[in-house]
Amino acid sequence: MKPSLAGRCAFRSIIGQVTDLAPRAAARPVPLLRRAAPALLGYAAVRALGLIVLALWSEARGKSAYTLLTARWDALWYTRVAELGYGYEVRLPNGDVHSNLAFFPLLPWLERLVAAVSPLSYADGGFLVSLLASLAAACGIYAVAEHVHGRRTAVCAVLLWAALPVGVVQSMAYSESLFTALAAWALYAALTGHWLAAGALAALAGLTRPVGLAVVAAVWAAGAVCWMRGRSTEPDGGARPAARAAAGDRLRLVLGMALAPLGVAGYVLWVGWRTGDGVFGYLKVQAGWRNGFDGGYAFARFVAGKLTSFPSVLAGLGLIAGVALVVWLYAVCVRQRQPLPLLVYAGVVTALALCASSYFGSKPRLLLPAFPLLLPPAMALAMRGRRTATTVIGALAVISAVYGAFWLNGSGPP
């Protein structure tokens with residue numbers, strides 16, 4: 001409440017100012033978890049719909065939905081690491097060697113921990129970790145989006161992430177949910193100047209997936225900008241000048257940036273030591289899976305091959321449209337001047353996903369952690385009003401549930 005109208009009785013003006021102090025003093029900031037509650041409830045509803053449809057679809061086909069979520073594809077490799085440790089490999093007839101060293105250790109470690117403290121199996125532990133991590137990821141996405149664009153956009157961003165076509169992966173015993181949770185909270189810590197937390201979370205993200213490099217790059221970019229501007233807290237406008245910053249703040253910034261790469265660098269170097277191939281050991285392990293980084297050449301050839309006949313041409317055109325959409329969304333993020341850490345993170349995740357040389361069907365899954373790309377459509381939905389946002393997200397949730405059930409009961413994630 002502002003003071004009474006200028007020019008009126010001074011007594012009334014003073015009373016107006018004094019009484020204005022009471023609600024301000026009494027007001028307390030609403031905790032983040034309480035602010036995020038609507039988004040988290042909506043997220044849980046969307047994912048519950050997906051799991052119900054998957055269960056019904058799988059039952060009709062004589063399959064177990066739980067097995068599809070916990071004991072196929074990469075989920076099996078993670079549970080083998082948890083149970084047997086590293087060193088397991090499969091030699092294929094064509095000479096390829098699939099080694100479990102390709103899988104980063106944090107998820108198997110957590111599966112082993114759950115199995116050690118409960119009667120759950122390793123696969124059960126992976127499912128439980130993914131469910132809890134998906135909620136943590138949703139809360140982290142909310143925190144980042146609210147910090148940058150406000151509460152309504154944050155709710156829409158969380159619900160859009162839940163309703164992605166491959167959103168069912170968030171409920172699988174895979175590492176995508178765990179990685180996204182660590183990445184989102186690392187980005188939030190960097191945006192708000194909590195450098196030690198940002199570095200520690202980036203290090204954990206680096207122990208989860210190779211794309212942990214994206215989180216490291218984002219934390220480094222935020223820290224470098226903050227240092228060059230002579231600031232020790234928020235890199236996007238709320239920092240104190242360096243002249244007034246405490247030496248302890250600057251030390252935390254340096255330590256956070258130093259912590260960030262320890263996870264991914266430590267595991268890659270350990271694999272190189274384990275295989276005897278030095279710093280290139282992990283690349284050789286990935287080569288055994290026929291996976292690598294070629295700038296998108298192999299993917300372009302794959303798409304071009306789809307355009308040579310019918311009906312595969314429809315799949316090729318769909319892939320081109322999907323890539324164009326991703327690139328356009330990133331361009332919009334740049335045009336809207338998202339904070340540098342988000343741009344760096346989303347850019348690296350997108351580049352690594354689109355430019356990998358193998359497993360072309362997994363690219364939508366690999367793009368799942370690139371949640372900053374959802375901020376432009378989330379902003380657009382937030383401005384359209386609650387009814388429009390509810391209708392659009394509800395339709396996307398149904399499509400996601402049906403597609404997820406169809407996908408897992410078919411070829412599924414490679």
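Only heavy atoms go into these numbers, but all of them, side chains included; no hydrogens, no water, no symmetry mates.
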In sequence, state the C-alpha distance, the side-chain angles, and the governing distance for His98 and Leu92, and then conclude on side chain to side chain contact (heavy atoms under 4.5 Å, CB included). CA-CA 8 Å; His98 288 184; Leu92 303 183; 3.6 Å; yes
For residues Trp77 and Tyr88, establish whether the separation of their ring centroids is below 6.0 Å. yes
Has Ser118 got a side-chain atom pairing as donor or acceptor with Val114's backbone, closer than 3.5 angstrom? yes
Could you walk me through whether Val326 and Tyr330 pass the side chain to side chain contact (heavy atoms under 4.5 Å, CB included) check? CA-CA 6 Å; Val326 170; Tyr330 187 75; 5.8 Å; no
Do the side chains of Leu307 and Leu317 get nearer than 4.5 Å, heavy atoms only? yes
Kindly list each side-chain donor-acceptor pair under 3.5 angstrom involving residues 259-268, sequence neighbours excluded, with atom names and distances?
residue : atom : partner : partner atom : Å
Tyr267  : OH   : Leu101  : O            : 2.7
Tyr267  : OH   : Phe103  : O            : 3.3

Between Arg112 and Glu83, does any side-chain N to carboxylate O distance fall below 4.0 Å? no
Does the pair Ser177 and Thr180 meet the rule for a side chain to side chain donor-acceptor pair (under 3.5 Å), with working shown? CA-CA 5 Å; Ser177 289; Thr180 305; over 6 Å; no
When every non-hydrogen atom of Ala133 is compared with those of Ala181, the smallest separation belongs to O-CB, 3.5 Å
Exercise: identify the closest heavy-atom pair between Gly140 and Ala184: C-CB, 3.7 Å
Are any of the side-chain heavy atoms of Tyr142 and Leu32 separated by less than 4.5 Å? yes
Sub-6.0 Å ring centroid separation between Phe104 and Trp109: no
Which of Val215, Val349, Leu366 passes side chain to side chain contact (heavy atoms under 4.5 Å, CB included) with Arg209? Answer is Leu366
Step by step, work out the side chain to side chain donor-acceptor pair (under 3.5 Å) result for Tyr43 and Gln170. CA-CA 11 Å; Tyr43 175 84; Gln170 298 164 21; 2.7 Å; yes
Using side-chain hydrogen bond (donor to acceptor under 3.5 Å, both in side chains) as the criterion, list what pairs up with Asn409, not counting sequence neighbours. Ser58
Does atom CZ (Phe280) have a neighbourhood of more than 12 heavy atoms from anything else shown, all under 6.0 Å? no
Can you tell me if CH2 on Trp220 sees more than 12 non-hydrogen neighbours from other groups inside 6.0 Å? no
Could you check whether any side-chain heavy atom of Leu314 comes within less than 4.5 Å of a side-chain heavy atom of Phe310, counting everything from C-beta outward? yes
Counting neighbours of NE2 on His194 that are heavy atoms of other residues, nucleotides or ligands and sit closer than 6.0 Å, is the number greater than 12? no
Do Ile399 and Pro165 have side chains that approach each other closer than 4.5 Å (heavy atoms only, starting at C-beta)? no
Over all heavy atoms of both residues, which pair between Leu196 and Gly256 is shortest? Give the atoms and the distance, please. CD2-N, 4.0 Å
Please check if the side chain of Thr275 supplies one atom and the backbone of Gly281 the other of a donor-acceptor pair under 3.5 Å. no
Is Val90 close to Val97 at the side-chain level, that is, under 4.5 Å between some pair of heavy atoms? no
Check: Gly347 main-chain N/O paired with Thr350 side-chain donor or acceptor under 3.5 Å: no
Of all heavy-atom pairs linking Ala346 and Leu373, the shortest is CB-CD2, 4.3 Å
Any non-hydrogen side-chain atom of Tyr122 less than 4.5 Å from a side-chain atom of Arg80? no
Classify the ring geometry between Phe299 and Phe302 as parallel (under 30°), tilted (30 to 60°) or perpendicular (over 60°). parallel
Is any side-chain N of the basic residue among Arg91 and Glu89 closer than 4.0 Å to the acidic one's carboxylate O? yes
Taking the side chain from Thr79 and the backbone from Ala75, do they hold a donor-acceptor pair closer than 3.5 Å? yes
Can you tell me if Phe406 has over 12 outside heavy atoms packed within less than 6.0 Å of its CZ? no
Step through the shown structure and confirm whether more than 12 heavy atoms of other residues, nucleotides or ligands are within 6.0 Å of CH2 on Trp289. yes
Evaluate side chain to side chain contact (heavy atoms under 4.5 Å, CB included) for Leu113 paired with Val129, printing each intermediate quantity in order. CA-CA 10 Å; Leu113 175 63; Val129 169; over 6 Å; no
Output yes when a side-chain donor or acceptor of Ser362 lies under 3.5 Å from a complementary backbone atom of Arg365, and no otherwise. no
Side-chain contact test, heavy atoms from C-beta onward, threshold under 4.5 Å: evaluate it for Leu342 versus Leu375 and give yes or no. yes
For Leu33, look at atom CG and say whether over 12 heavy atoms of other residues, nucleotides or ligands are found less than 6.0 Å away. no
Test Glu146 against every option in Arg152, Arg151, Arg35 by the salt bridge (charged side-chain N to carboxylate O under 4.0 Å, His left out) rule and name the one that passes. Arg35
Between Tyr403 and Trp407, how do the two ring planes meet: parallel, tilted or perpendicular, split at 30° and 60°? parallel
Criterion side chain to side chain donor-acceptor pair (under 3.5 Å) on Tyr78 and Ser175, from CA distance to verdict: CA-CA 9 Å; Tyr78 283 119; Ser175 61; 3.0 Å; yes
Hey, are Arg301 and Asp294 close enough for a salt bridge, meaning a charged N less than 4.0 Å from a carboxylate O? no
Do side-chain atoms of Trp185 reach the backbone of Ala136 as a donor and acceptor pair under 3.5 angstrom? yes
Taking the side chain as C-beta and beyond, is there a heavy-atom pair between Leu408 and Leu69 under 4.5 Å? yes
I'd like to know whether Leu178 forms a side chain to side chain contact (heavy atoms under 4.5 Å, CB included) with Leu204, so could you lay out the CA-CA distance, the side-chain angles of the two residues, the decisive distance to 0.1 Å, and finally the verdict. CA-CA 10 Å; Leu178 179 60; Leu204 290 173; over 6 Å; no
